[in-house]
Every structure is written in C-alpha cells, then in structure tokens.
Amino acid sequence: MRASTYPLIDAVEAHDLVLRSTPVLPVEEVALADAAGRVLAEPLLAGHALPAWPSSAVDGYALRAAEAGRRLRVVGESAAGHPFQGRLEPGTAARVLTGGVVPEGADAVAMVEDVTVEGDWVSAPSGLGRGANFHPRGADARAGEKVLEAGLPLGAAEVGLAAALGMARLRVHRRPRVALLSTGDELVEVGEEPGLGQVVDSNRWALLAALAEAGAEVRQHGIAPDQPDALRGLVESALAEAEVLVTSGGVSVGTHDLVKPLLESLGEVHVGRVKLRPGKPFTFATLPGGRLAFGLPGFPVSSLITFEVFVRPALRKLQGFERLERPTLPVRLGYDARAAGDRTEYQRVTLSREGPELVARSTGSQSSSRLLSLAGAHALVRIPPGDEGIAKGSRVEAIILTLP
Ligand code: AMP
Ligand code: MG
C-alpha cells in the first residue's frame, strides 16, 4: 500500500469542479415518442392558433347572445368533425355538440339543459353572456405565440401540446452516451455462484438503474480484471462510443487500484479524494474531446452516493437541465446524528409525516457496504464532521430521493 498523493478536497468544491468541466451536449431532433424526459432546446412557437376554430365546450345551441330569450329557428347542426356550413343569420340557431365548430355569426352557446325546444324552434334563457360555453379561436395560443420556453423539461403535457400544434418532431438536447464497467478480480456476474473471496458484481446493475433514471444511454462493458493492460484495453474501446465513462472499484490506494493511473495517462485527473463519507476515493477526470470519466469507489453504497452527489448533476447538465440537483425539504431529525470520522457523512434516512412535519430516521448501520442502508431510503441528510453532530429534534435540509 502507498499513501494517496491526491489532496483531500471538500465535497462542494469537487462538485463545482465537476460541473465546471461538464459541457451541455449538442441538440438533436427527435420524434415525439422519444421526447419525454428530454429538455427542449428551442422555444416552441405555435404554428397556428389553438384552438384553430371556435370550439363548443358543451352540447347545446349556438346563437347570438343578444337574441337569447327569443324564439330562434334551428337551421342545422355542427358536430365534432362535421361543421355547420355557412354563417348563422340573425333569428337563427344551430345545434352544436361538444367539440363542434361554433358557426360564424354566433357568439355564445346555450347548454341543451337550459333551452326549450319546440319542433324547429329553440329559445335560450335571456341573460346568456357573449362567449358563453365555447373556446374561442386562439384562446390557448395565438399563431406565432411562444408556448414553451427553451430549457423546459418535456413531460406528458408538453409533448401533448407539441402534438396539438402539429409538431411531430422536437429539437432537444442529446442524451449522454455512458460506458459502464466494473473493475475487480473478485467480481463474478450476477447469477454465478460466488466462490470464497468472490463478490457478485452488483454495482453494475445499481449504476445501470441510476444512470437510466438520470437520462443516460448506457452501454455496459462488463467486468475488467485488476490488470493494467486489460483494463486499458477495455476502457479505450468503451470510450470509442461514449462521452462519459463510469467505472466502479479500483480507485482506493491498494496496489490493485488501477483506475487513477489509467485516467491520468488518458487525460487529466481533477479529483482524486473527497471529504465525503461514504465515497472518499471518488475520482473525476476530463479526457480529450470534452469527455468525462468518473471513477466511483467499489463499495456499493459509496458508488451510489458518489453517483448521486457528482455524476447525476453532471448528467443533467449534459442534457441541458437547468435544475441539476435533487429537491430538498426541511425535516426534523428523529435521531442523534453524528458523522463517523472526519468527513461530511451523507446519512440515509426514511421520512414519515408527523403532523405538519417530515421526521427523518436512520436506516440503521451506515456501513458503505450495506446496500440496505440505501434501499428504501427516502432522503439523504448531510452530517458535518465533528463530535457534536446534530441533535435529535434539530431541523435539517434533506436531499429528497423519493417522498414517502
Ligand atoms: P475497491 O474500491 O475496488 O477496493 O472495492 C472495494 C470493495 O467493494 C471490494 O472489496 C468489494 O467487496 C466491493 N466491490 C467492488 N466492486 C464491486 C461491484 N462491482 N459490485 C459489488 N461490490 C463491489
Ligand atoms: Mg477492486
């Protein structure tokens, strides 16, 4: 073993350094089916008015509001997809169905429940206001109006709006292509029976899930042995088709820890150790061509926490998101929290609603190898180093992973 030569840097500083080195990926055009979860790269302008014609909100009769109270002759019908042809003359009304065009000349729709019909004649209650019961042309958007800002994440409603405006394709930021591999001679594939001293490669599947949730397109490159040439070969071929490399294991100070020297030979290592628990050996490098490399520690919780703190925000920046971080909420600590050691500890907690408050409770042993400390956790709370810790009952800001 040799001592690490990398300075132990503050987690906030490391986080800022990662984000400063992270570009925003170029724009591509995608079909609507691939648009959800992406970030709009250009403002969305309405190519036509929405609705494109006055559309009835109810089943009833289209008429002139000023003629409400009079007997009007029913001259035709306007159903969805079957508009009334022509203009509505004074003294007349047209039957309209929900989603039907309100004919030219009419300025209100009386609900069918409110009218009196006698043969071809209808009378609506007087006092019906102009504009009643229909959506005028352009009520949602005028032609040329900006309906969505650039930088907006696209969800179901945004995709629906684009479709309603006739846009079958949208310009969005590209998703990052991520090469994922695990390192370690002790690792075996999931499903294989681990022998003495062997460990199932669980990090790859945990990180695959985390990467997918963060919007990455992932290509898996299996398990690299603790052998410099084999590792280099695998990493070089993995990088041929990716702008981000994510590895786990092989970043601490043992003689088998080969990732840092490899990244040094391929690019520039900016972070080699952080004041963070779990996750001290987290490594970040930039590689030629604006590519990024994240060497995550091997212990399962360490790899996921450093993913949360450093990799996820970077992946979101690459995709053009403006909000890079998880939301936070004030919570009441339901236990006496103390950081084990001299680094800020990201403790895993569950949350429960107690009256108006959220109360955070520890998930138990915070060992960096105990995935059960993170499985089912709702949030992370940052506990600063030092003997005082944070007393039970204190209010802290929790990083929300999922709400209970
Ligand atoms: P390392 O950072 O390579 O020293 O790994 C530290 C420890 O993390 C190893 O001894 C393993 O027990 C565990 N570990 C490393 N890689 C993985 C992996 N891919 N999946 C599960 N556990 C791992
Ligand atoms: Mg290892």
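Side chains included, hydrogens not; waters and symmetry mates left out as well; all remaining heavy atoms used. The chain is numbered in sequence order, starting from 1.
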What distance do T363 atom OG1 and Q347 atom CD have between them, rounded to the nearest 0.5 Å?
8.5 Å

Do R87 and P103 have side-chain heavy atoms sitting under 4.5 Å apart?
no

Just verifying a value: how many Å separate Y61 OH and L72 CG, rounded to the nearest 0.5 Å?
11.0 Å

Are there over 12 heavy-atom neighbours, none belonging to E29, within less than 6.0 Å of that residue's CD?
yes

With a 4.5 Å cut-off on side-chain heavy atoms, are L19 and P313 touching?
yes

Could you check whether any side-chain heavy atom of F321 comes within less than 4.5 Å of a side-chain heavy atom of L315, counting everything from C-beta outward?
no

For G298 and N203, work out which heavy atoms get closest and say how close.
O-ND2, 2.7 Å

When you measure from the side chain of S362 to the backbone of V349, do you find a donor-acceptor pair of N or O atoms at a distance under 3.5 Å?
no

Strictly distance-based, threshold 3.5 Å: is any side-chain N or O of T98 a donor or acceptor partner for the main-chain N or O of D59?
yes

Between E213 and R312, is there a salt bridge with N-O shorter than 4.0 Å?
yes

Between V74 and V117, is the side chain to side chain contact (heavy atoms under 4.5 Å, CB included) condition met? List the steps.
CA-CA 9 Å; V74 179; V117 182; 5.8 Å; no

If we ignore hydrogens and angles and just use 3.5 Å, is the side chain of T306 paired with the main-chain N or O of S302 as donor and acceptor?
yes

Return yes when atom CZ of R130 has more than 12 non-hydrogen atoms of other residues, nucleotides or ligands closer than 6.0 Å, and no otherwise.
no

Can you find a pair of side-chain heavy atoms, one from L403 and one from L329, that are under 4.5 Å apart?
yes

Salt bridge (charged side-chain N to carboxylate O under 4.0 Å, His left out) involving R38 - partner list, sequence neighbours excluded
E28

Beyond-backbone contact of L263 with L245, side-chain heavy atoms, under 4.5 angstrom
yes

Check: R395 side chain, P330 main-chain N or O, donor-acceptor pair, under 3.5 Å:
no

If I take atom OG1 from residue T283 and atom NE2 from residue H270, how far apart are they, to the nearest 0.5 angstrom?
12.0 Å

One thing to verify: whether E243 and R177 come together as a salt bridge, which I'm taking to mean a side-chain N less than 4.0 angstrom from a carboxylate O.
yes

Side chain to side chain contact (heavy atoms under 4.5 Å, CB included) assessment of L296 paired with F282:
CA-CA 5 Å; L296 308 184; F282 168 77; 3.7 Å; yes

Smallest heavy-atom separation, D10 atom then K275 atom, equals CA-CB, 4.3 Å

Which atom names give the shortest non-hydrogen contact between P297 and P281, and what distance separates them?
CG-CD, 3.8 Å

Is it true that R326 and E308 have a side-chain N and a carboxylate O under 4.0 angstrom from each other?
yes

When you look at R204 and E189, which way does the salt bridge (Lys or Arg N to Asp or Glu O under 4.0 Å) test go after all the steps?
CA-CA 10 Å; R204 207 161 87 240; E189 290 288 352; 3.2 Å; yes

Return the minimal non-hydrogen interatomic distance between G250 and T183, and the atom names on each side.
N-OG1, 3.4 Å

Between the side chains of S373 and R348, does any donor sit under 3.5 Å from an acceptor?
yes

Yes or no on side chain to side chain contact (heavy atoms under 4.5 Å, CB included) for W53 and R137, after CA distance, side-chain angles and deciding distance?
CA-CA 5 Å; W53 33 264; R137 173 184 159 81; 5.5 Å; no

Return the minimal non-hydrogen interatomic distance between G295 and T247, and the atom names on each side.
CA-OG1, 3.4 Å

Side chain of S123, backbone of W121: donor and acceptor closer than 3.5 Å?
no

Do side-chain atoms of K260 reach the backbone of G272 as a donor and acceptor pair under 3.5 angstrom?
yes

To the nearest 0.5 angstrom, please state how far the OG1 atom of T92 sits from the CZ atom of R64.
6.5 Å

Is a side-chain donor-acceptor pair under 3.5 Å present for S369 with S367?
yes

Would you say the side-chain atoms of E325 pair up with the backbone N or O of R323, donor to acceptor, closer than 3.5 Å?
no

Considering only heavy atoms from C-beta outward, does the side chain of V112 approach that of D114 to under 4.5 Å?
no

Hey, does the side chain of D226 reach the backbone of D185 with a donor-acceptor pair shorter than 3.5 angstrom?
yes

Can you tell me if CZ on R219 sees more than 12 non-hydrogen neighbours from other groups inside 6.0 Å?
no

When you look at L239 and E236, which way does the side chain to side chain contact (heavy atoms under 4.5 Å, CB included) test go after all the steps?
CA-CA 5 Å; L239 279 170; E236 281 178 348; 5.9 Å; no

Non-hydrogen atoms of Y335 and A360 that approach each other most closely:
CD2-O, 3.6 Å

Can you tell me how far CD of E67 sits from CG of L88, rounded to the nearest 0.5 angstrom?
8.5 Å

Looking at side-chain heavy atoms only, is the closest gap between L170 and L44 below 4.5 Å?
yes

Exactly one candidate in R382, R338, R277, K280 meets salt bridge (charged side-chain N to carboxylate O under 4.0 Å, His left out) with E345; the answer is R277

Judged by atom type as modelled, is there a donor-acceptor pair below 3.5 Å linking the side chain of S78 to the main-chain atoms of V101?
yes

Taking the side chain as every heavy atom from C-beta outward, state whether L165 and H48 have any atom pair closer than 4.5 Å.
yes

Give a yes or no on whether E354 atom CD has more than 12 heavy-atom contacts from other residues, nucleotides or ligands under 6.0 Å away.
yes

Check: H173 side chain, L25 main-chain N or O, donor-acceptor pair, under 3.5 Å
yes

How long is the gap from CG on D34 to CZ on R169, to the nearest 0.5 Å?
8.5 Å

Close aromatic pair by centroid cut-off 6.0 Å: F294 and F310:
no

